[in-house]
Protein chains: 2
Amino acid sequence: MLMPDDPWQPPRILLAVDLVILTLRDARLHVLLVERGIDPFRGALALPGGFLGDEHEEIEAAARRELSEEVGLSDMHLELLAVYGEPGRDPRGRVVSIAYLAIAPRLPEPIAGTDAANASWTSVDEALGPGTKLAFDHRRILIDGVERARTKLEHTALATAFCTETFTISELQQVYEAVWGVRLDPRNFYRKVQGARGFIVADGPMRKTSNGRPARLFKAGPVHVLNPPMTRP
Amino acid sequence: MLMPDDPWQPPRILLAVDLVILTLRDARLHVLLVERGIDPFRGALALPGGFLGDEHEEIEAAARRELSEEVGLSDMHLELLAVYGEPGRDPRGRVVSIAYLAIAPRLPEPIAGTDAANASWTSVDEALGPGTKLAFDHRRILIDGVERARTKLEHTALATAFCTETFTISELQQVYEAVWGVRLDPRNFYRKVQGARGFIVADGPMRKTSNGRPARLFKAGPVHVLNPPMTRP
DNA sequence: GCAATAGTGTCTTTCAGACAATATACA
DNA sequence: TGTATATTGTCTGAAAGACACTATTGC
């Protein structure tokens, strides 16, 4: 039944985006964190993010805008992670945050003198360790993001997104070891990766490493869903 | 730098919840749809859902409230599915919808004379078939929900949530066959289910079926992550 | 030569899938 | 008895993990 004079109107809330940006540095998984310049949580470390720019902005576009403005990155693979909307998660009022997961190959240090100046790479172990306090519920978001990356490594070709365009199989193995936090047998890994049809294809001849025999170079193949999958030990 | 007179304020948007409620009827996967009583899409079929009640309501609480008000159900397992926030998905303005997935054992018909009167079970095949037009982007949400259920059946004990408290192994097999849309070998299924430690535990003696030998009864076990998983053919 | 990493082969165990065989109900 | 469903057993092929072994570089 229509009730044109019904005074009730649905509430309007604030929408934010937050980014879990993962990369590999020194064979360890790192996440990009920013130091907050304003209250609340001024001075604390937080995931990059911000509010929707205007009523017509796509949510993923807002995430890319923050990526560009706050940390100077662009053209990355973004994936919806989850929604965090608990009342009270932000002391400023009701803020619902849409979290995205981004995976990147080895990236440069954030550029000083830009908005990205207070962004820095932190190892995930340290960011989640007892010595670090993250703003809001960003610790939970980071845990969820890392777990998502671990699972996606099993079933998709995501690992190649951590690598440069061409890579060796042992470099790919380092991705799996860093994200999963385990050691893998290089010989079995070699066979398993080769067995996943379309995962990687040969490219270029060799790359000399510091020591030992040079390795063949590969690039990402056409397949994004691995068959058979890379099972986690 | 603080700019107390900065006129920019982040936009406030409308937040909605939508529910993909799945159950089994006649060994086929069904979804609960409602006929919309108001514009937009008046008269079309849609997923149950609605706006956040007030600024302080938890998102999942809003989903449970809609579940109760609109379809008369309570105490169900709810799981965050995804976020749908494309501008233009709702002609009334910018509406971001949080979709939840609910799984239920065989449920009664919605009760006539309540708000749930225009809710009805529709087979998923029919709801996604060419003869049905769903409101908004609810076709996409339903597809995502079914795919999520299929995947979760592999790795978690979700299948028992489709069953009554005690069930036979062939009843459990019917769940897998209905959700995955495949036929399974009862003998191999039997061994596989028994091999997943903690998935199901014996309960009570027997249940006489229409024909043939009575089957042993089981109930859901303590484990929620299956090891080894039930691999989809 | 030695050290170090890349790549191959082989063995054993585990598991998925096909399917024979047995068990227990009802008519 | 026959028919239908439940449960167990057996076989085969694929894949995972352990690990011996060969190959190719720099020193």
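Residue numbering restarts at 1 for every chain, and letters A, B, ... go by the order of the sequence lines.
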Worksheet entry | Distance-only donor-acceptor test (3.5 Å): side chain B/N211, base C/dA25 | no
Practice prompt. Can you figure out which of D/dT7, C/dA18, D/dG17 approaches the side chain of A/K192 most closely?
Written response: D/dG17
Item to complete: Measure from OH on B/Y190 to P on D/dT10 and round the result to the nearest Å.
Response: 17 Å
Worksheet item: Will you find, in the side chains of A/T231 and A/K192, an N or O donor that is under 3.5 Å from an N or O acceptor?
Response: yes
Discussion item. Mind checking if A/R216 touches a base, just sugar-phosphate, or nothing, with heavy atoms under 4.0 Å?
Written reply: sugar-phosphate
Worksheet item: Roughly how many Å is it from CG in A/L226 to P in D/dA15, rounded to a whole number?
Response: 14 Å
Item to complete: Can you tell me the distance, in whole Å, between the CG atom of A/L172 and the C1' atom of C/dG7?
Response: 16 Å
Worksheet item: C/dA20 base to B/R187 side chain: any donor-acceptor pair below 3.5 Å?
Response: yes
Item to complete: Give the rounded distance in Å between these two atoms: CD1 of B/I200 and P of D/dT7.
Response: 10 Å
Worksheet item: Within this structure, what is the CZ-to-P distance between B/R232 and C/dG17, rounded to whole angstrom?
Response: 13 Å
Worksheet item: A/R191 CZ to D/dA14 P: how many Å, rounded?
Response: 15 Å
Discussion item. Between A/D144 and A/Y84, do the side chains contain a donor N or O and an acceptor N or O under 3.5 Å apart?
Written reply: yes
Worksheet item: Taking atom types as modelled, is there a side-chain donor on A/D18 or A/S97 under 3.5 Å from an acceptor on the other?
Response: yes
Worksheet item: How many Å lie between CG on A/D185 and C1' on C/dG7, as a whole number?
Response: 12 Å
Item to complete: Output yes when at least one side-chain N/O atom of A/T231 is less than 4.0 Å from OP1 or OP2 of D/dA15, else no.
Response: no
Worksheet, complete the sentence: In whole angstroms, the gap separating C1' of C/dA18 from CZ of B/R183 amounts to 16 Å
Item to complete: Answer yes or no: is there a donor N or O on one side and an acceptor on the other, between the side chain of A/E70 and the main chain of A/L67, under 3.5 Å?
Response: no
